[in-house]
Colleague: 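Just passing along the structure, written as structure tokens.
Both ligands and their constituent atoms are indexed starting at 1 by order of listing.
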Amino acid sequence: MSPQDNSPDNAVPVIQPAAVIVLAAGAGTRMKSQKPKILHEIGGISMVGHALAAARGLEPKVLAAVVRHERDRVAAHIQELDPDALIVDQDEIPGTGRAVEAALEALPADLEGTVVVTYGDVPLLTTALLQELVRTHTEDGNAVTVLTAVLDDAAGYGRIVRTSDGTVQGIVEHKDASDAQREIREINSGIYAFDAKVLRDALKEITTDNAQGEKYLTDVLGLANDGGGRVAAVVTTDRWQVEGANDRVQLAQLGAEHNKRVLEAAMRSGVSIVDPATTWIDSTVTFGTDVTLLPGTQLHGSTHVASDAVVGPDCTLTNVTVGEGAKVIRTHGLDSQIGPKATVGPFTYLRPGTQLGEKGKIGAFYETKNVIIGKGSKLSHLGYAGDAEIGENSNIGCGNITANYDGVAKHRTIIGSEVRTGSNTVFVAPVQVGDGAYSGAGAVIRKDVPAGALALNVAAQRNIEGWVQQNRAGTSAAKAADAAASSQTPTNAESDHS
Ligand code: UD1
Ligand code: CA
């Protein structure tokens, strides 16, 4: 299941609009960014990506996006996200009215039915709210239905002007409004459902004769009223769904609210989130049931966490699959798979292509890359495994390293099943180790090791008695050595030090 359900409400039949037009031509200068505003991301998806998904959820016959600022970059991004979207170019005449007019010109001249207009920079808008707008519009037989909200601070927005009986008369832009009109707290979200013909006819009448010298889409409402059409509003109490991000402060606020909604949906579907304040999840992440997320967890992209897994504290996983019942602690992971009941961490770096088998382990201070680790195999401490394959139930000792790079090319290390490697073994790839083989501590494996063999290549140890007293006389080490000799403690030269 996906934590944020953008799909239409199944209980009510979908009323398909003829077209949805997503306005995305504006510059967004207040972002102070080289990147077009609508390409800035919330929850791992660009703002226009959110807008396209909400619009596509209405299943319109045509989905058009109007572009102008950074045209090629924005168009390419839209086409990548929604290849069926129709890209429409706005000319140099400014204004939301002109933008919609450009879109209508690209659609069939006899287009009938409902045309929905939304913005590319309103990322929390859902298909469900758009659908409510379209449903009211259709069922009430409106000429225009505008989505509005009542805000404490309405400054900057177009205001909804109603008659004394509450009928929507029109919209007045903040810059064109009288002092009395500026007192109105019901604002225009900029999201509407129009009757196609009413829209087309009204746009022909609209001029740029206003405070901003723009063709205002908002003027369509007054004109529709004058023409005898029914103009109405759907007032939402969820102000976040109509809020746009104009600068990075608003982007962060919308991002936090988006995250809060994703977390709440995840919790309601059976994910325990111990500390929502430090947990960030993209809306693309999916979960099984009874997953536990500990503080400081960030899950991105196509990450999936299967049932009963525990992730955190302090993990950042991007496009990682976490198997059922697995435990992942203080891990930074990318494009990797963690098997059922496997454990990873703490302080582990999973680079792309890591595949850890069922009940496997990648322990503390390990870096892995492009490695397939079989069921039950353990890489418990301090090492690097890259461009390698490890069979089942092998134990890779502390500090083992696959030396995969010869300075020019990368080579593979193939290790079999039930292998036991000594601490600080280095595998100089390309090299193969057979099933059940052992290596001694500090071995540098340059040649293949046959199944069942013990590979040793560290020179035999030689102790030069009294070397410290002779060559480092007077040092604290020499004094300690003297003291040890005089206390007749038996030498431990032969004993193992593990
Ligand atoms: C617009 C509305 C205002 C409403 C507000 C809500 C008009 C005249 N005013 O004002 O009533 O309260 O949105 O946020 O419509 N765009 C184009 N081409 C253009 C101009 C804008 O595609 O020539 C797009 C922008 O990229 C943006 C959207 O339309 O996505 C709104 O443009 P913006 O300039 O932010 O409109 P406002 O002046 O804020
Ligand atoms: Ca705006």
Colleague: Please list, in number order, the atoms of ligand 1 under 4.0 Å from a heavy atom of Ala99.
Modeller: 17 (C), 18 (N), 22 (O)
Colleague: Would you please determine whether Arg98 falls within less than 4.0 Å of ligand 1 on a heavy-atom basis?
Modeller: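 Contact absent.
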Colleague: Looking at every heavy atom in both Leu147 and Ser189, which two are closest together, and how far apart are they?
Modeller: O-OG, 2.6 Å
Colleague: Hey, does Tyr157 come in under 3.5 Å of ligand 1, counting only N/O atoms on both sides?
Modeller: no
Colleague: So for ligand 1, is Ile93 a polar contact partner (N or O within less than 3.5 Å, distance only)?
Modeller: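 No; every N/O pair is 3.5 Å or more apart.
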Colleague: May I ask you to list the atoms of ligand 1 that are less than 4.0 angstrom from any heavy atom of Leu23?
Modeller: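 In order of number, 22 (O), 24 (C), 29 (O), 30 (O).
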Colleague: Got more than 12 heavy atoms from elsewhere within 6.0 Å of NZ, Lys260?
Modeller: no
Colleague: Output yes when the distance from some N or O of ligand 1 to some N or O of Glu173 is under 3.5 Å, and no in every other case.
Modeller: yes
Colleague: Between the side chain of Thr402 and the main-chain N/O of Asn404, is any donor-acceptor distance below 3.5 Å?
Modeller: no
Colleague: Should the proximity of Pro94 to ligand 1, defined as any heavy atom under 4.0 Å, be assigned to the side chain, the backbone, both, or neither?
Modeller: backbone
Colleague: Would you tell me whether Asp238 and Thr236 have side-chain atoms, one donor and one acceptor, within less than 3.5 Å of each other?
Modeller: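 Side-chain D/A pair, Asp238 to Thr236: absent.
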Colleague: Taking a cutoff of less than 4.0 Å between a non-hydrogen atom of the residue and any ligand atom, is Thr218 in contact with ligand 1?
Modeller: yes
Colleague: Establish, from distance only, whether the side-chain atoms of Thr321 and Gln337 form a donor-acceptor pair under 3.5 Å.
Modeller: no
Colleague: Indicate yes or no: does an N/O atom of Gly95 lie under 3.5 Å from an N/O atom of ligand 1?
Modeller: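 In this structure, Gly95 places an N or O atom under 3.5 Å from an N or O of ligand 1.
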Colleague: Quick check: does Tyr192 get an N/O under 3.5 Å from an N/O on ligand 1?
Modeller: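 Among all N and O atoms of Tyr192, none is under 3.5 Å from an N or O of ligand 1.
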Colleague: Could you say whether the N/O atoms of Val66 and ligand 1 ever approach to under 3.5 Å?
Modeller: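 Looking only at distances, the answer is no, because the N/O contact criterion of under 3.5 Å is not met.
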Colleague: If we only count N/O pairs under 3.5 Å, is Gly190 in contact with ligand 1?
Modeller: no
Colleague: Just let me know how Asn188 lines up against ligand 1, side chain, backbone, both or neither, with a heavy-atom cut-off below 4.0 Å.
Modeller: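 Both backbone and side chain.
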Colleague: If you measure only the distance, is there a donor-acceptor pair under 3.5 Å linking the side chains of His40 and Ser46?
Modeller: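 Short answer, no.
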Colleague: Heavy-atom pairs closer than 4.0 Å: do any link ligand 1 to the side chain of Arg68, the backbone, both, or neither?
Modeller: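 Within the 4.0 Å criterion, Arg68 makes no contact with ligand 1.
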Colleague: Which ligand 1 atoms does Ser189 reach within 4.0 Å, using its non-hydrogen atoms?
Modeller: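 Per the distance check, 6 (C).
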Colleague: Quick one about His300 and Asp282 (side-chain donor to acceptor, distance below 3.5 Å, no hydrogens or angles considered), yes or no?
Modeller: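 Checked: Asp282/His300 side chains pair up, N/O donor to acceptor below 3.5 Å.
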Colleague: Could you see which bit of Gln212 sits under 4.0 Å from ligand 1, with heavy atoms only: side chain, backbone, both or neither?
Modeller: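 For Gln212, there is no contact with ligand 1 at all, from either part.
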Colleague: Picking from Arg351, Lys369, Lys410, what satisfies salt bridge (Lys or Arg N to Asp or Glu O under 4.0 Å) with Asp387?
Modeller: Lys369
Colleague: Would you say Lys37 and Asn246 are linked by a side-chain donor-acceptor pair, where the criterion is simply a distance under 3.5 Å?
Modeller: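 Note: Asn246 and Lys37 side chains meet the donor-acceptor criterion.
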Colleague: Judged by modelled atom types alone, do Ser302 and Asn319 share a side-chain donor-acceptor pair under 3.5 Å?
Modeller: yes
